[in-house]
Number of protein chains: 2
Amino acid sequence: MPADAQISRLKPRRTDIRRENERTILDAAEKVFAEAGFGGATMQLIADMAGLPKANLHYYFATKEDLYRRVVQQIFEIWLDAAMLFDDAPGPVEGIGGYIDAKMDISRTHPYGSKVWASEVMHGAPVIQDYLETTLRDWTEGRIRAIQRWIDEGKMRPVNPRHLLYMLWATTQHYADFGHQIQTLNNDRPLSDRQWLEAKASVKDLVLRGIGAI
Amino acid sequence: MPADAQISRLKPRRTDIRRENERTILDAAEKVFAEAGFGGATMQLIADMAGLPKANLHYYFATKEDLYRRVVQQIFEIWLDAAMLFDDAPGPVEGIGGYIDAKMDISRTHPYGSKVWASEVMHGAPVIQDYLETTLRDWTEGRIRAIQRWIDEGKMRPVNPRHLLYMLWATTQHYADFGHQIQTLNNDRPLSDRQWLEAKASVKDLVLRGIGAI
DNA sequence: TTTTATGTTGACCGGTTGGTCAGGTTGTGG
DNA sequence: CCACAACCTGACCAACCGGTCAACATAAAA
């Protein structure tokens with residue numbers, strides 16, 4: 001057995017095979033679902049994107065719905081992680097400002113997931129309705145209380161916390177969901193690093209001024 | 001010929017037949033495309049929704065794509081009409097405030113069209129790319145100049161007009177595109193008249209404060 | 001080495017879809 | 001009243017889709 005066996009196996013272990021193939025398929029599925037919608041996506045398209053035979057997809061994911069559900073859950077968990085920033089913040093500048101930064105970063109790094117989520121909700125959330133009614137509802141109520149506390153402490157103007165949250169979601173996700181439109185209005189070029197910084201700064205400036213936190 | 005022939009014909013005129021059937025089909029198509037996506041929508045579903053045989057749809061609209069294109073053009077024209085308010089306004093309070101009012105009203109009255117547009121853009125705008133590159137680009141540049149003029153006249157803070165526009169689009173359309181999520185977070189009830197007024201007031205308040213217009 | 005569980009895949013199938021078309025009905029101008 | 005054009009529709013078809021399965025390959029366990 002060669003010395004580098006543990007850092008570069010020629011023959012992958014069983015557990016690695018499963019993990020890597022599931023990752024490959026999920027990434028391909030996220031892209032195809034985002035670009036074609038659930039109805040427009042085909043298992044063959046996802047298989048081609050993943051570089052695997054179609055039958056292999058069905059070995060790891062029983063049905064198209066199962067695969068789709070996993071993709072939607074993925075972006076939801078990423079967003080929930082980003083929302084941690086909200087809680088530990090002493091005031092709206094750090095809390096809401098940091099949340100905007102985090103969500104804008106996700107819109108740039110995970111545009112496909114955001115689109116799949118948007119599409120799912122637009123179609124009536126047929127597969128994640130329970131998430132909306134449990135996790136999202138609880139999370140929203142908690143954040144509304146946090147915002148209300150900042151208002152009570154005089155750290156920001158008295159605004160409707162619920163509609164403030166909707167504005168945060170709408171604006172940050174817009175840069176992912178409507179990225180194609182933004183790119184077209186940017187002379188068909190993707191936003192540069194500098195332009196992304198400008199976007200984040202503009203959104204934070206508008207929101208934090210709007211709530212009277214700066 | 002009866003006296004009331006001109007105000008209530010039993011047998012419709014040819015031109016009326018065409019107009020009414022096209023209207024019926026377009027309304028049904030808008031709803032089905034919004035709820036199922038382009039790929040998930042079927043001509044049979046649209047036909048059932050319209051109460052017409054499938055073959056009749058193909059008499060008025062040659063292909064599924066033709067029908068879809070007409071639906072997308074419709075919402076775009078509605079939005080363009082609403083944007084007229086922008087031009088004649090003396091300042092940002094009237095111009096941007098009025099634009100928010102108009103777009104929020106459209107989100108309530110035409111939620112299906114908004115969803116179809118969102119879906120189309122998310123999928124890379126395959127059928128309306130030319131609209132984005134001509135009409136929308138021109139409109140956007142004009143509005144950016146109007147905002148810049150207000151800034152130069154000291155009627156609002158110096159903000160990035162482009163990102164301000166994106167925030168307006170994102171936030172107002174969010175109430176249509178993510179209406180299901182908003183309804184779920186509203187105890188599964190649609191927003192009442194009072195709640196819509198509160199939403200419009202909140203959005204206007206946040207934006208107009210954010211740009212320093214009030 | 002043998003056995004067994006896991007991973008791989010081409011070929012296939014029933015069901016659905018967008019679209020066609022022949023043959024009929026109805027309104028309208030002459 | 002007639003002839004023509006517009007309108008209507010049941011029946012049909014080729015193409016495609018999600019999903020299955022038997023046969024095979026390979027890695028781990030015995």
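In what follows, chains carry the letters A, B, and so on, assigned in the order in which the sequence lines appear, proteins first and then strands, with residues in each chain numbered from 1.
- The pair Glu22(B)-Arg18(B) counts as a salt bridge, with a side-chain nitrogen and a carboxylate oxygen less than 4.0 angstrom apart.
- Taking atom CD1 of Ile25(A) as the reference point, atom C1' of dT8(C) lies 12 Å away to the nearest angstrom.
- Across all strands shown, Phe61(A) has no heavy atoms under 4.0 Å from either base or sugar-phosphate atoms.
- In this structure, Arg162(B) pairs ionically with Glu141(B), as a charged nitrogen and a carboxylate oxygen lie closer than 4.0 Å.
- At least one donor-acceptor pair closer than 3.5 Å links the side chain of Arg137(B) to the backbone N or O of Thr184(A).
- A distance-only check finds a donor-acceptor pair linking the side chain of Glu120(A) to the backbone of Ile128(A) [under 3.5 Å].
- Distance alone, capped at 3.5 Å, is enough to place a donor-acceptor pair between the Lys64(B) side chain and the Ala41(B) backbone.
- Asn21(A) places its CG atom 12 Å from the C1' atom of dT6(C), with the value rounded to the nearest Å.
- Between the side chain of Lys54(A) and the base of dG19(D), at least one donor-acceptor pair of N or O atoms lies under 3.5 Å.
- Contact check, Tyr59(A) against dG7(C): a side-chain N or O comes under 4.0 Å of OP1 or OP2.
- Note on Tyr60(A): a side-chain N or O is less than 4.0 Å away from OP1 or OP2 of dT8(C).
- Protein atom CD1 of Ile17(B) is 15 Å distant from nucleotide atom C1' of dT9(D), rounded to whole Å.
- The distance between atom CG of Leu57(A) and atom C1' of dG7(C), rounded to the nearest whole Å, is 14 Å.
- Nucleotide dC17(D) holds its P atom 8 Å from the CG atom of Leu45(A), rounded to whole Å.
- Listed pair Arg18(B) / dA6(D) fails the phosphate criterion, with no side-chain N or O lying under 4.0 Å from OP1 or OP2.
- Asp193(A) has a carboxylate O that lies under 4.0 Å from a charged side-chain N of Arg108(A), or vice versa, which qualifies the two as a salt bridge.
- When rounded to the nearest whole Å, the span between NZ of Lys64(B) and C1' of dG19(C) equals 12 Å.
- Put simply, Asn56(B) has no side-chain N or O that comes within less than 4.0 Å of OP1 or OP2 on dG10(D).
- Separating the CD atom of Glu20(B) from the P atom of dC7(D) is a distance of 12 Å, rounded to the nearest angstrom.
- The distance between the ring centers of Trp169(A) and Tyr166(A) falls below 6.0 angstrom.
- For the segment residues 37-44 of chain B, the set of residues with a heavy atom within less than 4.0 Å of an atom of DNA chain D is empty.
- A straight line from NE2 of His58(A) to C1' of dG18(D) spans 5 Å, rounded to a whole angstrom.
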